Amino acid sequence: MNALKSIRVWDLPTRLFHWLLVALFAFSWASAELGGNAMEWHMLSGYTLLGLVLFRLLWGIAGSATARFSQFVQGRGAVLAYLRTFLGGGMPAGVGHNPAGGWMVVAMLALLLLQGATGLFANDDIITEGPLYHLVSKETSNALTELHEGVFNALLTLAAIHIGAIFFYLLVKRDNLIRPMLTGRKEVPAETPQPRMVSPWRALPLALIAGVSVYLLVTRL
């Protein structure tokens, strides 16, 4: 058997982002379904989600190696090569997001950003209006509300694909992707280098920038 070693794959800010995103997405869904007074909580959850996505974009530039877009967003050739190996029964080497999964991350972040942005202008035709509703016409708000709902359905589809892929890796490829996102560590071949990790304290000013940006956006416009 090949020798294995344990390395750090995911830093704390990336893991916190991931699980907070899961929790907030579920809460936003539930509060929207409840409607009524729960819409106030839905909006607060939406602001937090928007701030979380903005943080992830910043962390994708300044975070640890495995969190950086420059590490996991690769060209078509790399994606096709990965898929050929994967579908051929092999298990491509590497840590962090694979080339195909990297584009899934980009798609989800883009849709989450669009979801949060359209929600700022949305309305429910009853009493709830987004904080930037006053900046557009009622017709534009209605169109953005429909887009807000459509993007949510697209996000549900991507989430289902993501969950399906996780269980496929676990049951077929025997690669547990959940544990590293909980512990930050993964068993890899001994020759695999340790990805560069930055201090989690670096995330604090970035989180502050993201939070203040959303606050100013919803209160000052």
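Bear in mind the structure is a predicted one, so any value in this text is a computation, not a measurement. Numbering of residues begins at 1 and proceeds along the displayed sequence.
Between atom CG of residue Leu52 and atom CZ of residue Phe55 there is a gap of 8.0 Å, rounded to the nearest 0.5 Å. In this structure, CD in Gln115 is found 11.5 Å from CE in Met108, a value given to the nearest 0.5 Å. Note that CZ of Arg179 and CG of Leu170 are 8.5 Å apart. Values are rounded to the nearest 0.5 Å. Going from atom OH of Tyr133 over to atom CG of Leu120 covers 14.5 Å, rounded to the nearest 0.5 Å. We find the CD1-CG distance between Ile166 and Leu171 to be 11.5 Å, quoted to the nearest 0.5 Å. For the atom pair CG (Asn123) and NE2 (His148), the distance works out to 11.0 Å, reported to the nearest 0.5 Å.
Around the CD atom of Glu187, the shell of radius 6.0 Å holds more than 12 heavy atoms that belong to other residues, nucleotides or ligands. Heavy atoms of other residues, nucleotides or ligands lying less than 6.0 angstrom from CZ of Arg185 number more than 12. Enclosure of atom CG in Asn176 by more than 12 non-hydrogen atoms of other residues, nucleotides or ligands within 6.0 angstrom is indicated.
Both Leu83 and Met104 are assigned to one and the same hydrophobic cluster, defined by single-linkage of ILVMFWY side chains at heavy-atom distances under 4.5 Å. With hydrophobic clusters built from ILVMFWY side chains whose heavy atoms lie under 4.5 angstrom apart, Ile178 shares a cluster with Val188. Both Leu221 and Val218 are part of a single hydrophobic cluster, where members link through side-chain heavy atoms under 4.5 Å apart. Cluster membership check: Leu20 shares its hydrophobic cluster with Leu111, using side-chain heavy-atom separations under 4.5 Å among Ile, Leu, Val, Met, Phe, Trp and Tyr.
Side-chain atoms of Thr14 and Asp11, non-hydrogen and from C-beta on, do get closer than 4.5 Å to each other. A 4.5 Å side-chain heavy-atom check between Ser213 and Ile209 finds at least one atom pair inside the cut-off.
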- Message: Go through it in stages, so that I can follow the logic: the residues are Leu132 and Val136, the test is side-chain contact (heavy atoms from CB on, under 4.5 Å), and I'd like the CA-CA distance, side-chain angles, deciding distance and then a yes or no.
- Response: CA-CA 8 Å; Leu132 305 187; Val136 298; over 6 Å; no
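With respect to Asp175 and Lys186, a salt bridge is recorded, a charged nitrogen being found less than 4.0 Å from a carboxylate O. Using a cutoff of 4.0 Å between basic side-chain nitrogens and carboxylate oxygens, Asp125 and Lys138 are scored as salt-bridged.
Taking the six-membered ring where the residue is Trp, Trp29 and Phe152 present perpendicular rings, their angle passing 60° and hence far from 30°. In this structure, Trp41 and Phe27 have perpendicular ring planes: the angle between them is above 60°, well past the 30° mark.
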Indicate every side-chain donor-acceptor pair of residues 65-75 with a distance under 3.5 Å to a residue at least two apart or in another chain.
from	atom 1	to	atom 2	distance (Å)
Thr66	OG1	Val9	O	2.6
Arg68	NE	Gly63	O	2.5
Arg68	NH1	Ile61	O	3.3
Arg68	NH2	Ala62	O	3.4
Arg68	NH2	Gly63	O	3.1

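Residues Asn98 and Tyr82 have side chains that bring a donor and an acceptor to within less than 3.5 angstrom of each other. One side chain, Thr140 or Ser137, offers a donor N or O that lies under 3.5 Å from an acceptor on the other.
Of the possible donor and acceptor atoms, none in the side chain of Arg196 sits under 3.5 Å from a partner among the backbone N and O of Ser64. Looking only at distances, no side-chain donor or acceptor of Asn37 sits under 3.5 Å from a matching main-chain atom of Glu40. Side-chain N or O atoms of Trp19 include one that pairs as donor or acceptor with a backbone N or O of Met181 at under 3.5 Å.
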